[in-house]
Amino acid sequence: MKEKSKKIKLKANKKVAVKKTVKIKPRSSFVAYDPAKIEKKWQKVWDVKKLYAASDSSKAKKFFPLVEFPFPSGAGLHTGHVRSYAAMDVVARKHRMMGENVLYPIGWDAFGLPTENYAIKTGKQPKLVTKENTDNFRRQLKMLGLSFDWSREINTTDPEYYKWTQWIFLQMYKKGLAYKDKININWCPKDKIGLANEEVVNGCCERCGTPVEKREKEQWMLAITKYADRLDKDLDSVNYLEKIKIQQRNWIGRSEGVELDFSIVDSNKGIKVFTTRADTLYGVTYAVLAPEHSLVSEMLEKVSNKKEVVAYIASAKKRDDMDRTAEGKEKTGVELKGIKAINPANNEEVPVWIADYVLASYGTGAVMAVPAHDERDFEFAKKYNLPIRHVIVPSVVDHVNPPRPEKQTKVRKNVHVIVFDPAKNKYLIIRNQKFGWDTVVIGGIEEGEEPLDSAVRELAEETGYTDVEFKRILGGPVRAAYFAKHKDENRVAFATALYFELKSEKRQAFEEGGENEGNEIMWIDPANFVPGKMVNSELPYWLERISLGKDGAYTGGGVLIDSGSFNGTDTEIAKKEISKFVHGKVITKYKLRDWVFSRQRYWGEPIPLVNCGKCGYVPLSEKDLPLILPAVKKYEPTDDGESPLAAIKSWVNVKCPTCKGPAKRETDTMPQWAGSSWYYLRYADPKNKKELISSKQLAKWQPVDWYNGGMEHTTLHLLYSRFWHKFLFDIGVVKTKEPYAKRTSHGLILAEGGAKMSKSVGNVVNPDEIVKLYGADTLRIYEMFMGPFDQAIAWNSESMIGPRRFIERVWNLSRKVKKDESSKEIDSLVHKTIKKVGDDIESMGFNTAISSLMILLNAFEKEETISKGHYQSFLQVLAPFAPHVTEELWMVQGNKKSIHQAPWPQFDPKKLVATSFNIVVQINGKVRATFVSDSDEEGVVKKYALLHPVIVKWLSGKAPDRVIYVPGKLVNIVVSGL
RNA sequence: GGGCGAGUGGCGGAAUUGGUAUACGCGCCAGUCUUAGGAACUGGUCCCGCAAGGGUUAAGGGUUCGAGUCCCUUCUCGCCCACCA
């Protein structure tokens, strides 16, 4: 698989370390560790003995770990491959030692553009280039000592392989999942190739970075959208990293909503809109169509500003993707004057607009606009001065004075007057001594009064302040239910907040006593102007709207207002009820688009169809598969976008399989993602000429138990292959709904300094050089040890020496091996290490696994001698990481069978239990003393802790208030007044 | 703008049912051996302090006997998506 090229920013303030060459001098009195010698030697032995071949007949439990097979580029293996492959190799080797029948396969995802581009440049046949590259990759993978089962090697460009890729395509065609459609495709003018949406990054070709153009072209499509629902739902049944599931779900983009009809005045036509917010229907103030919407041209004659509309459509078409995604792009649109649509809820006529913020490709290509409750509609309405109607209000229940069931309830409309004094940075509040609360100025809105007038009136009446500047209304109202102590009644208030700034201290006389009795007018800091300290439970909304600094749509839930008979209904309930009321159709939409499956290129699987003038597209008979990719002289795609295959007349012109009349072959080829969408199946039965996979092999090996790969394939390869698998399930070829039981991903390896490794920058680390310098075992351990497996990490050649020293020390350790028993502490540490390494491998904590092996080695080195048993156990748990050196040392110990066939050592749980305890004594949470206890009994430990001389000194006679004991670990003495 | 994640020595990083922060490795310092050291080995290495002791996990607040770990606020960085109604 091809790694997606991505831009990665340089981490700031990181020095690029100077690369040092390291001389490793042989030791004198001892056979020196020489990886160059032992690694080659053992690789040969393993190869000859077929040590890592999976057994089709074994009765042992099967284990099928999988890594993404590489695209064999001319650049050779990179460090990212090593990271993933070595990690799964560790897992595979451990499971093999656990006695499982392990299938750890590898192959080549060899179709693809880079090979073809290289062929164009050099005139070499892609087939030959592929052969050279795979040979090199194979050599490199073997050099690393990866325990692949080489007898099952597959290659997507092998006709015996792509026969089945073509076969699957034909089945899809027959089921109507493959269809031809004239679409606007993303066209890369440099690569001269159509791209899937997934292959366009920020409007540019993901391979070469050239801005993508739109071109209308007939393309083969695969109807992945028909599987959208299952691709989403079945994620529940697999063990993928959560972030992978989330990314897939986001990409599929399932959303549930309703389709509603807005009929058009004086016409039999209607606008179908899709919405997830049917509850806001009464807030619709206009409707919007995508410029490409078919209704637009149908109604054009009735539009009074036809010229303007036509011009707008033309300009929208010209806009390419770069323009559309440009930062801060302003929404544009134009009204279809003379056209009105009818809101089905209240039969109101609303204007109809066209605008490019509505996408033709999503939903119905038309929306009902609710500016009060949708950000985009809001922005648009502000720009074109369209009305904004609030129909949803947030709903709060007062936490301090909740409504009392026994009291009467009154509904009121309120204003909240929020006055800020910028000179003093303070807010105006009223403190009521009688009831003990703080509040902003509140007043009722009288009949026929504007909120602003009420606010000014109430402010003057209650506080006397008159010289204020009105800034703005803080969005729509908020509904609050509370008990009004001073009136002894429940209130449901719809409060609108108005924000003022104080201009001067000018005040008029105002009424004290009466209603205002006990009121104190105060200015408080913003720090105290917070929810919880104020009686106004709407305050969080006001503060949020103040901090936004501008008005915006309220997109949350709440309660309906101004919505006819639905007033007071909760949003969630209203969605259903309103939709029912206007006969909406409940519907699920997806962001996922159908997969553009054809490529006008040479180096891919030919699409096995024939186009007959009479019969249309006719599939080849299955016995005529594979349809072999013919040899051509020139690989260049043509400028008119036709595949180079179109130029081979003898190949193109055929007889129709159905009517035997003259017909032409389809000349498009399949994308690189085709062969990789099902390759994991073929490993179980790689040489089967009759079937894609036999049912016996299928039952034996499926599904993949653990699939590790790059995060960049989450929305492409992983989704595509799940789709193909589900299709194969539907036609009875496979028996599981999902191909991969578990999916994990590794982090990127960056170049030294944190930049992305790239050939053009020249900062690529070549595994060949590292192996030459340090050996494969060192490279493997380095990559496993460098950091957490799932995180991106920069290469650091300085650190490379650590793992090499580690291996040398293991090598030298063999001199200490005697038959004697080791100490109890060492014995316990060995067992702990066995457990830790085993657990860490399963949870991909490779770095901590190696760290614990280092700790054990350090302990061994402090001993005079170590026992043979302990030494061998150590080699065994190290073996998955460093297979060569451990094999050599294992054989030197006199073993006959390979260490990689030795059983995974067992740990004795009894030996993990400590016999003495390091007890930490704290006073008030601070460590004051430690001691060793041979008991972890609470009474004993506490007694010793309190008698400890240092503790006695610290306590200086004071009696502890409390003594807390954490079994076997810690005593915390709580004393007041120290 | 939305989603996900992260912030711990000079560097990569360890430690989460809350219980001695800085394991392991790199680098650095000193010593041993050596003609020599960019090798190897031994010891040291979070900060302040002669010490006793004090401080420290982006910043601030909270919960707790006890917080890197849990909660809130703020800041910074990375990744993915991005007009999806």
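Quick note on labels: first sequence line is chain A, next is B, and so on, each numbered from 1.
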Legend entry - Nearest-angstrom distance from the residue atom CD1 of A:Ile244 to P of B:C80: 14 Å
Inset, instruction - Report yes if at least one side-chain N or O of A:Arg962 is closer than 4.0 Å to OP1 or OP2 of B:C65; otherwise report no. - result: yes
Legend entry - B:U20 versus B:G66 - spacing of their C1' atoms, nearest Å: 12 Å
Inset, instruction - Report which part of the nucleic acid A:Val367 touches: base, sugar-phosphate, or nothing (heavy-atom distance under 4.0 Å, all strands). - result: base
Inset, instruction - Using a 4.0 Å heavy-atom cut-off across all strands, classify A:Ser255 as base, sugar-phosphate, or nothing. - result: sugar-phosphate
Inset, instruction - Round to a whole Å and report the spacing from CZ of A:Arg593 to P of B:C81. - result: 15 Å
Inset, instruction - Using the P atom on both, measure B:C77 against B:C83 and round to a whole Å. - result: 24 Å
Inset, instruction - Pick the C1' atom in B:C46 and in B:G68, then give their distance to the nearest Å. - result: 14 Å
Inset, instruction - Please determine, for B:G1, whether a Watson-Crick or G-U wobble partner exists with both distances under 3.5 Å, and give it or none. - result: B:C81
Inset, instruction - Using the P atoms only, state how far B:U34 lies from B:C24, rounded to an integer number of Å. - result: 31 Å
Legend entry - Interatomic distance at C1', B:A59 relative to B:G7, whole Å: 12 Å
Could you go over nucleotides 19-25 of chain B and give all protein N or O partners under 3.5 Å, atom names and distances?
| from | atom 1 | to | atom 2 | distance (Å) |
| --- | --- | --- | --- | --- |
| B:G19 | N2 | A:Asn972 | ND2 | 3.4 |
| B:G25 | OP1 | A:Asn858 | ND2 | 3.4 |

Inset, instruction - Figure out the CG/C1' separation between A:Asn250 and B:G1, and round it to whole Å. - result: 14 Å
Legend entry - Integer-rounded Å distance: B:G1 C1' and A:Glu375 CD: 8 Å
Legend entry - N/O donor-acceptor pair under 3.5 Å between A:Asp961 side chain and A:Val975 backbone: no
Inset, instruction - Decide whether A:Ser255 and A:Tyr362 meet the rule of one side-chain donor and one side-chain acceptor closer than 3.5 Å. - result: yes
Legend entry - A:Pro788 vs A:Ser361, nearer the 5' end of RNA chain B by closest nucleotide: A:Pro788
Legend entry - Of the listed nucleotides B:C83, B:A85, B:A82, the one nearest the side chain of A:Asp356: B:C83
Inset, instruction - Check the angle between the aromatic planes of A:Phe380 and A:Tyr384 and answer parallel, tilted or perpendicular using the 30° and 60° thresholds. - result: tilted
Legend entry - A:Arg249 vs B:C80: side-chain N/O to OP1/OP2 distance below 4.0 Å: no
Inset, instruction - Using whole Å, report how far CD of A:Glu379 lies from P of B:A85. - result: 17 Å
Inset, instruction - Determine the Euclidean distance between corresponding C1' atoms of B:A30 and B:G62; express it in Å to zero decimal places. - result: 47 Å
Legend entry - Given B:C65, B:G53, B:A85, the nucleotide with the shortest approach to the side chain of A:Trp954: B:G53
Legend entry - Complement of B:G12, any strand, by Watson-Crick or G-U distances under 3.5 angstrom: B:C24
Inset, instruction - Anything under 30° is parallel, anything over 60° is perpendicular, the rest tilted; go ahead and classify A:Tyr33 against A:Trp811. - result: tilted
Inset, instruction - Starting at atom CD of A:Gln247, determine the distance to atom C1' of B:G2, rounded to an integer number of angstrom. - result: 14 Å
Inset, instruction - Determine which nucleotide pairs with B:C33, using a 3.5 Å limit on both distances of a Watson-Crick or G-U wobble pair. - result: none
Legend entry - Strand partner of B:U63, provided both Watson-Crick or wobble distances fall under 3.5 Å: none
Legend entry - A:Lys589 to A:Phe274, cation-pi by 6.0 Å centre distance and 45° axis angle: yes
Inset, instruction - In whole angstrom, give me the gap between the C1' atoms of B:A6 and B:G38. - result: 36 Å
Legend entry - Distance, rounded to the nearest Å, where A:Lys243 contributes NZ and B:G78 contributes C1': 11 Å
Legend entry - Whichever of A:Ala366 and A:Lys926 has its nearest RNA chain B nucleotide further upstream toward 5': A:Lys926
Legend entry - Separation of the P atoms in B:G55 and B:A21, to the nearest angstrom: 12 Å
Legend entry - Pair A:Asp377-A:Tyr357, side-chain donor/acceptor within less than 3.5 Å: yes
Legend entry - Residues that A:Phe846 engages under ring pair (Phe, Tyr, Trp, His ring centres under 6.0 Å), provided they are two or more places apart: A:Phe789
Inset, instruction - Mind calculating the distance between CH2 (A:Trp795) and C1' (B:C26) to the nearest angstrom? - result: 14 Å
Legend entry - Chi-based syn or anti call at B:G10, which uses purine or pyrimidine torsion atoms and a 90° bound: anti
Inset, instruction - May I ask you to check whether A:Thr571 and A:Asp279 show a side-chain donor-acceptor distance below 3.5 Å? - result: no
Inset, instruction - Hunt down the Watson-Crick or G-U wobble partner of B:A6, both distances under 3.5 Å, from any strand shown, or write none. - result: B:U76
Inset, instruction - Assess the side chains of A:Ser797 and A:Glu752: does a donor N or O sit below 3.5 Å from an acceptor N or O? - result: yes
